[in-house]
Amino acid sequence: MISFIFNFLICAIFLSKNNQFKDNDESIYSLTAISLLISFAINGLLGLTFIFLKITYLPLFIFSASIFILMISNVNLRRNLIFLKNICVKESIQIFDLYKKSNFIKLVFIFLFLLLLVSLGPINHSDAANAYVGYPYKFWLKNQHFIDGDLNQGLLGLGDFSNIFYFQDRTIWLIRFTEFLPLIPILFLILRRKTNKIIVYTIMSTPVFIQWMSIGKNNFFSDACVVIIFLVWEKNKDKRDLLFLISASLISISFKVSSILICFPIYLFIIYFYRYQISKINFKEFFDFVLSFPLLIAILSLITIFSYRFYLHQNPFYPLLTSFFNPGDKQLSDWETLLKGWNRTTFFQLWIFIPKSIGKISFVLGPANLILFLFYSFVVVNKKRKKIRTNTILGISQFILLLLFAQGRADYYVSPILLTYVGVESIDLPLTKNNFVKKIISFVLIMQLFMFIASSIYLIYTNFLTIKNYENS
């Protein structure tokens, strides 16, 4: 975690330009998101390199801290850091001033605080313990790479290899906390855009947040960063944010291949928006764009993880396309079929929102999200027929793609939920004028709040037991 923090500060200082905040006052959000992603990707690249070179005990945080100290010894770079700090403080004050006359901001930060407490703890989820954190831990412990034949090994994303540096500096309990970090800028962006309060409560009480914050996988981390950067770019259409967006999406795919379903609608929209400018791009502009620091890291991240998967299974897109890369391998073919159909049971579309059993409370999007999403799917314009929001269209498109091709799990749906709602100031849709429907909305929101609070208290209590007695917990 220490090396990650230093690398984040290094990236933020290096990528910041004071003049970018003059025309785009939301640049601090895209800068924060891309710095988080790049620093995590760099740690993943170094983690994989350290493993193959058998130097996993080489303390990365010392090198990261040394580079950071050298950077801030430069007057201009030190001014960049101070400027960024001032921008963050100013942005926080501005958001608090928007809601200072109500208790709304206090309630929202209670949700945030509960999620913070949930995110602190050991890795005790089977998927993370056996694969996504388990393999990096074994690599670090043995100080070498190995192939044990387990098909889960090929599911590791680039971000998972950064976990060895949490083992180095004894911050294993902060692996889950890393997932919490993008939640701060996305929440501030939601509040900054004066998103309707009911929608904010619905987003923040989404039960699957508990799962995202408590497992130790980076599902939420990468998707949330992509969402932040897209929202900033979509509002201002800044070329620098476009660079950040493309880089972030590629890094996200290197973390988990399912992100292709999230990024595909974004790529289509980018191509459509720049359809008249693409043919006019000269070689120098293209060359400068590709050789930029964020995109170089993104391309290197993709090449590295694809090469690693080819090294394991002769398939860079593992576990997909096994019929092409691994023809005749029935085990890999059955494995691909199993993964594609995971939890895609009868009515899985409903179970994404509603828990099938008590034990699944923190694995769903919640009933309030179901109602709101249906409203915005079927009634996408208000009574004045205003222009439909681009992010709403993309959110619904992502949701459809995930329903068609993804596993039947709610933890894939962070991007469509956030993109569909952020910035919506009113939910005064025709259906809500009916008193009966209003009561239903109130009921499902209260039910979702209860699910969220019950799940978070249970996880916090589990963390407390862990502190008290690790073995018995």
Side-chain angles (χ1 to χ4, degrees), residues 4 7-8 11 15 29-45 47-48 132 155-163 178-183 185-186 189 212 215-234 241-271 292-309 316-320 391 394-395 397-399 401-402 405-407 409 411-419 422:
F4 172 64
N7 286 344
F8 165 73
C11 290
L15 293 173
Y29 294 97
S30 59
L31 176 64
T32 300
I34 193 63
S35 298
L36 285 171
L37 267 179
I38 289 178
S39 56
F40 209 66
I42 289 174
N43 274 19
L45 289 167
L48 194 54
Y132 303 102
L155 299 180
L156 293 176
L158 185 68
D160 298 314
F161 289 98
S162 68
N163 287 327
T178 307
E179 291 291 288
F180 174 81
L181 295 177
L183 186 59
I186 192 66
L189 192 58
W212 285 327
I215 287 183
K217 294 161 62 177
N218 47 57
N219 292 25
F220 177 78
F221 182 89
S222 54
D223 283 355
C225 288
V226 172
V227 168
I228 292 168
I229 299 170
F230 174 81
L231 289 170
V232 176
W233 170 80
E234 193 275 329
D241 288 326
L242 174 64
L243 170 64
F244 289 172
L245 178 59
I246 294 175
S247 304
S249 62
L250 295 178
I251 292 173
S252 180
I253 293 171
S254 76
F255 285 5
K256 57 190 184 78
V257 71
S258 60
S259 288
I260 293 174
L261 297 175
I262 297 298
C263 299
F264 183 69
I266 294 176
Y267 292 150
L268 287 182
F269 179 71
I270 291 173
I271 293 171
S292 62
F293 174 67
L295 199 53
L296 280 176
I297 294 296
I299 294 172
L300 182 60
S301 298
L302 269 185
I303 292 174
T304 300
I305 197 62
F306 286 162
S307 300
Y308 179 71
R309 286 171 180 158
F317 302 103
Y318 178 88
L320 306 176
N391 53 297
L394 285 188
S397 301
Q398 290 175 344
F399 197 92
L401 283 175
L402 289 169
F405 302 109
Q407 296 178 348
R409 293 161 41 190
D411 54 338
Y412 286 101
Y413 292 80
V414 55
S415 181
I417 288 297
L418 292 174
L419 280 182
V422 172

#### Entry: side chain to side chain contact (heavy atoms under 4.5 Å, CB included) partner of Ser222, the single match among Pro182, Ser252, Ser249, Ser415
Ser252
### Query
Is there a donor-acceptor pair closer than 3.5 Å between any side-chain N or O of Asn163 and the backbone N or O of Tyr132?
yes
### Query
Within a strict 4.5 Å, meaning less than it, do heavy atoms of the Ile186 and Leu183 side chains meet?
yes
### Message
Keeping Ser247 on the side-chain end and Leu295 on the backbone end, is there a donor-acceptor pair under 3.5 Å?
### Response
yes
### Task
Just grab all the salt bridge (charged side-chain N to carboxylate O under 4.0 Å, His left out) pairs involving residues 218-228, residues at least two apart or on different chains.
Asp223-Lys256
### Passing option when Phe221 is tested against Trp212, Phe180, Phe40 for ring-ring contact (aromatic ring centres under 6.0 Å, His included)
Phe40
### Query
Going by heavy atoms in the side chains, are Gln398 and Ile266 under 4.5 Å from each other?
yes
### Query
Phe4 versus Leu36: any side-chain heavy-atom pair under 4.5 Å?
yes
### Query
Can you tell if the side chain of Ile228 reaches within under 4.5 Å of the side chain of Thr32, non-hydrogen atoms only?
no
### Message
Side chains of Phe8 and Leu181, heavy atoms from C-beta outward: is any pair under 4.5 Å?
### Response
no
### Message
With side-chain contact (heavy atoms from CB on, under 4.5 Å) as the criterion, how do Ile262 and Phe230 come out once you've worked through the C-alpha distance, each side chain's angles and the decisive distance to 0.1 Å?
### Response
CA-CA 12 Å; Ile262 297 298; Phe230 174 81; over 6 Å; no
### Message
Can you confirm whether more than 12 heavy atoms, excluding those of Phe264, are under 6.0 Å from its CZ atom?
### Response
no
### Query
Does the pair Ile253 and Leu302 meet the rule for a side-chain contact (heavy atoms from CB on, under 4.5 Å), with working shown?
CA-CA 7 Å; Ile253 293 171; Leu302 269 185; 3.8 Å; yes
